[in-house]
Amino acid sequence: MKVLIVGSGGREHAIAAAVAKSPRVDKIYCAPGNAGIGQIAECVNIGAMEFAKLVDFAKEKEIDLTIVGMDDPLVGGIVDKFEKAGLRVFGPRKNAAILEGSKAFSKDLMKKYNIPTAEYENFDSPEAAKAYLENSKYPIVLKADGLALGKGVLICNTKEEAMEGVRELMLDKKFGSAGNRIVIEEFMTGPEVSVLSYVDGKTIKIMTSAQDHKRAKDGDKGLNTGGMGTFSPSPFYTKEVDAFCKKYIYQATVDAMAAEGRPFKGIIFFGLMLTQEGPKVLEYNARFGDPEAQVVLPRMKNDIIDVFEACIDGKLDKIELEFEDNAAVCVVLASDGYPVSYEKGFEIKGLEKFEGKEGYYVFHAGTARKDGKIVTNGGRVLGVTAKGNNLKEARANAYEATKLIDFQNKYMRNDIGKAIDDVQ
Ligand code: AMP
Ligand code: GLY
C-alpha cells in the first residue's frame, strides 16, 4: 500500500521509520518531510497546512492511508477535508482535535466528567483575569487557550509576574489569537509523565510510558524548548499509577469525548503530573509527542499500519499492543543558542555510521539537503535514540552514539534520563 505522512520533524521521522517496517507498505511519501525522512520516503514539497494541495496529491497518487503527525493541521481540520474527499486518514477530526486545540475546552471537559486535573478558571477578558489574580494563591499557572508551540504556559511566582503574564498573553498577544482566552490554574508539583495512546472512538490502548526534558539546560534549567530529550519507560509510571489512570483518566476521557458528540480517533497524549494527591492531567495532545515518539515507537512490536487501521475502523479492541521489554533514550542534538537564536547551514558529519546499527536511530528534525550534503536547518537538528536492556544502559548507549555525529555549534543536554538514577 501507499502511505502519506504529513509533517516534517523528528516525530514524523520516527513514524516513517515505524511505517517502513510494515511489510504491507510499498511506498511512503512525506509532506513536506526533511532530509532524514527523505532516505526512507519520497518528500513532497507541500506544506502541512496546504489541505487542498495535500488532498489533490493523495488522490493523484492513490494514497491508501494518510497519517497526520502534527497538531496544527489536525486542529485546523485536515482530517475532515480528507474524509470529505473519500480518502482514508489517521487522526482526530476537527471537533475532536479541540482536545488539544483549546485548553479551556479540555479543562471544562475534565471538570464535567470528573477527570482529575488542577483547579482552574477560564477568562475571556484581561480585566476579569486580573481581578481574579488579586486574591489568588502563588505560584499560579497561566495558559494561552490555543496552540502556542508548547510555549503558551507561564508559571508565575508572584502577583506582579501574573499580571504581567496576562498582559503578554491577552493584550500584547505574544501567541496571537491563542491568547484571546486564557486558563488560570492551580500550581501543582510532582514528576511529569507522558502517556501516549491509540484511540478508535470508543476503545483506548495505552502505549509504554515516557518522560520528556523540556528545558534547554542541564538540571532542568534554562528556557522551555520543544523537548531536549526523552526516555522510555518512566520509572515513575508504576503499576499503581497505571491502575489509577486506567480507572479515572484514560477511558473516562474517551467516553467523555464520545458523550459530547466528538468521538476521538487517533492518538491521545496524556501529559500527567504525579502529585501527592494522585495523578492529574496537565494537558492533552491529539498526536504523538515529539520527542516522545522517538523513544516509544522504536520499542513497539506491532505493525503500526494494523494499529492505525484498527483505530480508523473502530476495531482497536481486536489489537493487543506489544512493547519490547527494554528501554530507550533519545538525546536531541540542537544548534547552540536554541531556542532563542542560532545559525543554520552547517554540514552534519557521521550520519552514515548509524546505517545498519541495530538498536540505534538518528531521527532528523531540522535538517536539509544542500549541494549533496546534509546540513543543519533548525534549532533542534537531530534526535539520537538508543535502546538498552534498561534505562541506564540505553542512556550510556545514546550518549556514546551522540559522539558519532558532528556539526558546528552542536549542543545537547548531558543529563537526559539522569534523574531516574534516584528512582531505580
Ligand atoms: P502544558 O503545555 O499544559 O503541558 O504545560 C507545559 C509545562 O508547564 C508542563 O509540562 C509543566 O511542566 C508545566 N505546567 C503546566 N501546568 C502546570 C500546573 N498546573 N502546575 C505546575 N506546572 C505546570
Ligand atoms: N514533547 C511534548 C510534546 O510533544 O508536546
Side-chain angles (χ1 to χ4, degrees), residues 1 3-6 11 14-19 21-25 63-71 74 78-80 82-83 87-100 106 109 113 115 193-210 232-233 237 242-272 281 284-289 292-293 296-324:
M1 73 196 266
V3 172
L4 168 64
I5 298 168
V6 178
R11 164 185 50 211
I15 295 171
V19 167
K21 276 201 320 202
S22 170
R24 300 177 55 197
V25 174
I63 301 290
D64 299 293
L65 175 63
T66 297
I67 301 153
V68 186
M70 294 168 71
D71 46 359
L74 289 169
I78 188 172
V79 167
D80 308 58
F82 270 69
E83 285 183 347
L87 293 160
R88 231 162 131 68
V89 56
F90 175 79
R93 289 182 189 153
K94 186 173 180 167
N95 74 354
I98 191 175
L99 194 60
E100 171 164 8
S106 70
L109 185 88
Y113 292 92
I115 297 167
V193 180
S194 301
V195 176
L196 312 184
S197 66
Y198 295 100
V199 183
D200 74 354
K202 45 187 198 299
T203 300
I204 177 164
K205 294 274 163 112
I206 301 301
M207 295 182 229
T208 182
S209 61
S232 169
Y237 194 77
D242 183 59
F244 180 95
C245 296
K246 283 192 169 128
K247 192 162 175 197
Y248 297 107
I249 296 178
Y250 303 144
Q251 190 67 48
T253 300
V254 175
D255 292 347
M257 289 299 281
E260 292 293 308
R262 301 169 181 275
F264 192 106
K265 289 188 177 193
I267 305 291
I268 299 183
F269 166 153
F270 297 85
L272 303 173
V281 177
Y284 293 114
N285 294 311
R287 45 156 179 93
F288 284 102
E292 281 87 345
V296 169
L297 290 179
R299 298 184 52 225
M300 192 172 96
K301 291 190 196 170
N302 303 69
D303 183 325
I304 200 167
I305 298 293
D306 292 346
V307 184
F308 286 151
E309 292 210 305
C311 290
I312 296 171
D313 297 332
K315 293 183 176 159
L316 194 57
D317 57 332
K318 305 276 186 302
I319 298 268
E320 189 76 48
L321 281 187
E322 284 187 274
F323 286 85
E324 292 170 2

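Heavy-atom minimum distance, V254 versus I268: CG2-CD1, 4.4 Å.
Rounding to the nearest 0.5 Å places NZ of K265 at 10.5 Å from OG1 of T203. Considering CZ of F82 and CZ of R93, their distance stands at 14.5 Å, rounded to 0.5 Å. We find the CG-OG1 distance between L297 and T208 to be 11.0 Å, quoted to the nearest 0.5 Å. Note that CG of L272 is 10.0 Å distant from OG of S209, once rounded to the nearest 0.5 Å. Atoms OH and CG, on Y237 and D242 in that order, are 3.5 Å from each other to the nearest 0.5 Å. The CD1 atom of I5 sits 12.0 Å away from the CZ atom of R11 when rounded to the nearest 0.5 Å.
With sequence neighbours excluded, no residue forms a salt bridge (charged side-chain N to carboxylate O under 4.0 Å, His left out) with R262. Partners of S197 under the side-chain hydrogen bond (donor to acceptor under 3.5 Å, both in side chains) rule, at least two apart in sequence or in another chain, do not exist in this structure. Taking D64 as the reference, M1, K2 meet the side-chain contact (heavy atoms from CB on, under 4.5 Å) condition, with sequence neighbours excluded. Not counting sequence neighbours, K247 has no partner by the side-chain contact (heavy atoms from CB on, under 4.5 Å) test.
Applying the side chain to side chain contact (heavy atoms under 4.5 Å, CB included) test between I67 and each of V19, I304, L4 identifies V19 as the sole match.
Using a 4.5 Å heavy-atom threshold, the side chains of Y250 and V199 count as separate. When side chains are defined from C-beta on, T66 does not count as touching L87, because their heavy atoms never get closer than 4.5 Å.
Residue pairs that meet the salt bridge (charged side-chain N to carboxylate O under 4.0 Å, His left out) test with at least one member in residues 201-210, sequence neighbours left out, do not exist here. Pairs engaging residues 308-324 under the side-chain hydrogen bond (donor to acceptor under 3.5 Å, both in side chains) rule: R24-E309, R88-E309, R88-D313, E324-N326, E324-K387 [sequence neighbours left out].
Taking the centre of each ring, F270 and Y284 come in below the 6.0 Å mark.
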Next on the checklist: Using side chain to side chain donor-acceptor pair (under 3.5 Å), reason through R287 and N285 one step at a time and then give a plain yes or no.
Outcome noted: CA-CA 6 Å; R287 45 156 179 93; N285 294 311; 3.3 Å; yes

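A 6.0 Å sphere centred on CZ of F323 holds more than 12 heavy atoms belonging to other residues, nucleotides or ligands.
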